[in-house]
Number of protein chains: 2
Amino acid sequence: MADTVSPITEACPIVEVLDHVAGKWSIGILVAAAHGPVRFTELEREVEGISRRMLTLTLRKLERDGLLVRTVYPTVPPRVEYTLTGIARELVQTLVGLTSWAEKHRGTIAAARRAYDTQRTPAGV
Amino acid sequence: MADTVSPITEACPIVEVLDHVAGKWSIGILVAAAHGPVRFTELEREVEGISRRMLTLTLRKLERDGLLVRTVYPTVPPRVEYTLTGIARELVQTLVGLTSWAEKHRGTIAAARRAYDTQRTPAGV
DNA sequence: CAGCATCCCGCGGGATACTG
DNA sequence: CAGTATCCCGCGGGATGCTG
């Protein structure tokens, strides 16, 4: 997404954000991890539908971006905890704005879609 | 992205937002169209790197979601203008928060990445 | 428990060519 | 000018199985 550097992507670092947050599961994980240190299996349960593979990959990505801290307790069986960093917490805060927008307009958008679809399919195709 | 309805996606309409805004070009187009009614070819130039195909597809999607209004002037040659709707304008406003976050922390994130990569590649692999 | 490795498939999206 | 249509490929991500 940030491969081609265009004037717009330069002026618009939103693209960068989306890169960190992209993928089907990043945000879900961030939100799920927001309520405190959380273990791998906890996340696997809370972020419903995620596969073990994608959980691992996404956690690594978030850790690499400095959004998550991974703490390993060398016990048997192993215990690993993930914690949001400060900037990740800020990010989650910021996402609340988006949430509000979505909640506020979800009805409007749904209606717009139906209108559009009805218009484009007048007869019962 | 919103196919499987999980407890989290229910409680977290961010997923919905991202669905409207998903894709490589949606946000770029919204931003480019924010400065007033804009024509197809204008967008093609301003959103650098976009193909005609993806421009069309993304415009249709945004129109369907009620984020963009498409106005056709039946002249020769044809003239088509795209305008942000109110909710799209609100959305763009909201995205500013994300922008700020990105600008504020881009350095930190870049550093985190380098640290992570260095750690995982100690010798000169 | 918390992973990593492998196989596999769908679809987002690029390149290209044609049209009202 | 503003699209549509077709072909094609990479990669995000699901399923499954193995390990320290």
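Note: hydrogens, waters and symmetry copies are ignored here, and every other heavy atom, side chains too, is used. A quick note: this is a predicted structure, and the numbers were derived from the prediction, not measured. Residue numbering restarts at 1 for every chain, and letters A, B, ... go by the order of the sequence lines.
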Which of C:dC1, D:dC1, C:dG14 is nearest the side chain of B:S51? It is C:dG14
Taking all non-hydrogen atoms of both residues into account, name the closest pair between B:V47 and B:I50 and its distance. O-CG2, 3.0 Å
Gap between atom CD of A:E46 and atom NE2 of A:H35 - 0.5 Å precision: 3.5 Å
Measure the distance from CD1 on A:I50 to P on D:dG14 and round it to the nearest whole Å. 8 Å
How many angstroms lie between CG in B:D65 and CD1 in B:I87, if you round to the nearest 0.5 Å? 8.0 Å
Starting at CG of B:L55 and ending at C1' of C:dG12, how long is that distance when rounded to a whole Å? 16 Å
N or O in side chain of B:T56 less than 4.0 angstrom from D:dG3 OP1/OP2: no
Could you state the atom-to-atom distance from NZ of A:K61 to P of C:dC4 in whole Å? 17 Å
Evaluate the side-chain proximity of A:T56 to A:F40: yes if any heavy-atom separation is below 4.5 Å, no if none is. yes
Contacts of B:R52 and B:L57 projected onto DNA chain C by closest heavy atom; the upstream (5') one is B:L57
A:K24 NZ to D:dC11 P, straight-line distance once rounded to whole Å: 19 Å
Separation of C:dA2 C1' from A:L43 CG (nearest whole Å): 12 Å
Atom-pair distance (CG on A:L62; C1' on C:dG3), nearest Å: 16 Å
Categorize A:Y73 for me: base, sugar-phosphate, or nothing, with a 4.0 angstrom heavy-atom threshold over every strand shown. nothing
Take atom CZ of B:R60 and atom P of C:dG13, then tell me their distance rounded to the nearest Å. 17 Å
For the pair made of CG in B:L59 and P in D:dA2, what is the distance, rounded to whole Å? 11 Å
Can you tell me which nucleotide in D:dA2, C:dG13, D:dG13 comes closest to the side chain of B:M54? C:dG13
Say whether B:V80 and B:L62 are linked into one hydrophobic cluster, either directly or through other cluster members, by side-chain heavy-atom distances under 4.5 angstrom. yes
More 5' along DNA chain D: B:R53 or B:F40, using each one's nearest nucleotide? B:F40
Would you mind telling me which of D:dA2, C:dG14, C:dA2 lies closest to the side-chain atoms of A:R70? C:dA2
